[in-house]
Amino acid sequence: MRAQILQDFNSFGFQYDLLDWYYENKRNLPWRESQDPYKVWVSEIMLQQTKVDTVIPYFERFLTKFPTVYDLAKADEQDVLKTWEGLGYYSRARNLQSAVKEVVEKYGGKIPDTPDELGSLKGVGPYTKGAILSIAYNQPEPAVDGNVMRVFSRVLKIEEDIAKAKTKKTFESVVREVISKEDPSSFNQAIMDLGATICTPTSPACLLCPVQEYCRAFAEGVQEDLPIKTKAKKQKKKSYAVLMIKDEAGRYIIEKRPDNGLLANLWQFPMIPLDEVTVDHVSDWLYKEYGLSVKLGEKLGDISHVFSHLKWELVVYAAVTSDAKSEDERLKFVDKQEVEEYPFPVSHQKMMKYL
DNA sequence: AACCCGGGGTC
DNA sequence: GACCCAGGGTT
């Protein structure tokens, strides 16, 4: 079945030309300055669903703040989230720290180099496991991500839907056969560089491609039609009133989000779901939920924020309270300067201009 | 297998 | 807007 796909495919020629190109053209990236498994790990987590250019400054800051597994293991989670602020998918940061703690406690600080041990760490799935084993430990393991599926769907003209889990397994077995056994680290990184710079999603630069002669899609002129991927559904809309509540001492009220689900453990200005109450009952809702007495002020603005699976429509209001504290554990009264010490989602950073 | 989980860049 | 990105966890 799988052998069929690779029938008449010149794996050795492909490897040679790909690696030859990579050694001459590889990108200089901060996590490529060594093969330190910790740096490779951090970079791979940050790069999940995130472009290289976005990651670079975060990676530099993160490594400065948490240079070793020991530094990250002992860090305060809020501090870790603050360093991750703006990067998105915040569970990545929490899972990473949790896994690093396990590495320190269970493996004496040495990052495992076996598929089973590595794959059992929180946040380390099939892709990241393969990436660390190949890039840091030179093992011929597949690391199949979007780039790999795009490149090989074209080179081998694979027309299965890459959104399906089964298709990903097909690519894993393909890579397992095609990967260079001499330099698997460079091979996997070469495919990623190729996918990012030449074999791009739209208008690939086939005329510059080092493996053009091996590409079945190019031979037939169908490279733009691959990979085949079913479309994502569009976002559900949710509306909230957001209150910038000021107390009589001039402090603002912020709220810690729950420790699971969307934007877990990040902070925000209190939000009132407008599918539950209308704007004129916002302070009633707030009193019921938090025991807080608030007087609604003027409207400050509208903010729209798109996530991968939902869309927030936020209406921001000023508000005042004569309460000076709250029994509710979630709430905190902080002055304007202090707000900056807490990790906020980007949607709420957009309202800081109203402070 | 389907859904949840961010944010930014591009066309 | 729609799509993409060095995916993983949960149900």
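Throughout, a chain's letter reflects where its sequence line sits, starting with A, and its residues are numbered from 1.
Side chains of A:Thr167 and A:Asp161: a donor-acceptor N/O pair is absent below 3.5 angstrom, by distance only. Looking only at atom types and distance, the side chain of A:Asp183 has no donor-acceptor partner in the side chain of A:Ser180 under 3.5 Å away. Side-chain atoms of A:Asn188 and A:Ser134 include a donor-acceptor pair closer than 3.5 Å.
Boundaries of the chain A contact region on DNA chain C are C:dG1 to C:dG9, first to last in 5' to 3' order (nucleotide atom under 4.0 Å from a heavy atom).
With DNA chain C read from its 5' end, the first of the two nearest nucleotides for A:Leu121 and A:Leu47 is the one closest to A:Leu47.
Within the 4.0 angstrom heavy-atom criterion, no nucleotide atom of any strand lies near A:Ile132. No contact: A:Trp312 has no heavy atom under 4.0 Å from any strand. Residue A:Arg257 is classed as having no contact, given no heavy-atom separation below 4.0 Å to the nucleic acid. At a threshold of 4.0 angstrom between heavy atoms, the contacts of A:Arg150 are confined to the sugar-phosphate backbone, with no base atom among them. Using a 4.0 Å heavy-atom distance criterion, A:Val124 is classed as a sugar-phosphate-only contact. Residue-level contact check: A:Ala165 touches the backbone only, with heavy atoms under 4.0 Å from sugar-phosphate atoms and none from bases. Contact annotation for A:Ser43: no contact, since no heavy-atom pair falls under 4.0 Å across all strands. Using a 4.0 Å heavy-atom distance criterion, A:Lys311 is classed as a sugar-phosphate-only contact.
Judged by the 6.0 Å distance and 45° axis criteria, A:Arg92 is not positioned over the aromatic ring of A:Tyr89.
Side-chain heavy atoms closer than 4.5 Å link hydrophobic residues (I, L, V, M, F, W, Y) into clusters, and following such links, even through other members, never connects A:Val320 to A:Leu296.
Residues A:Tyr70 and A:Val100 are not in side-chain contact: their nearest non-hydrogen atoms beyond the backbone lie 4.5 Å or more apart.
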Candidate pair A:Tyr214 and A:Asp17, rule side-chain hydrogen bond (donor to acceptor under 3.5 Å, both in side chains), full reasoning
CA-CA 10 Å; A:Tyr214 306 90; A:Asp17 287 326; 2.6 Å; yes
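Ring geometry for A:His305 against A:Trp312 counts as tilted: the plane angle lies between 30° and 60°, on a 0 to 90° scale.
Using atom P as the reference point in both B:dG9 and C:dG8, the two lie 24 Å apart (nearest Å). Distance noted for atom C1' between B:dC3 and C:dA6: 22 Å (whole Å).
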At a cut-off of 3.5 Å, list every protein nitrogen or oxygen paired with a nitrogen or oxygen from nucleotides 4-8 of chain B, distance to 0.1 Å.
unit_1, atom_1, unit_2, atom_2, d
B:dC5, OP1, A:Leu262, N, 3.2
B:dC5, OP2, A:His309, NE2, 2.9
B:dC5, N3, A:Tyr89, OH, 3.4
B:dG6, OP1, A:Tyr90, N, 3.1
B:dG6, OP2, A:Leu263, N, 2.4
B:dG6, O4', A:Tyr89, N, 2.9
B:dG6, N7, A:Tyr89, OH, 3.1
B:dG6, N7, A:Ser308, OG, 3.4
B:dG6, O6, A:Tyr89, OH, 3.0
B:dG6, N1, A:Gln49, O, 3.0
B:dG6, N2, A:Gln49, O, 3.4
B:dG6, N2, A:Thr50, OG1, 3.0
B:dG6, N2, A:Leu87, O, 3.4
B:dG7, OP1, A:Tyr90, OH, 2.8
B:dG7, OP1, A:Val346, N, 3.1
B:dG7, OP2, A:His305, NE2, 2.9
B:dG7, O3', A:Gly86, O, 3.4
B:dG7, N2, A:Gln49, O, 3.4

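Checked against the 6.0 Å centroid criterion, the rings of A:Phe14 and A:Phe9 qualify as a close aromatic pair.
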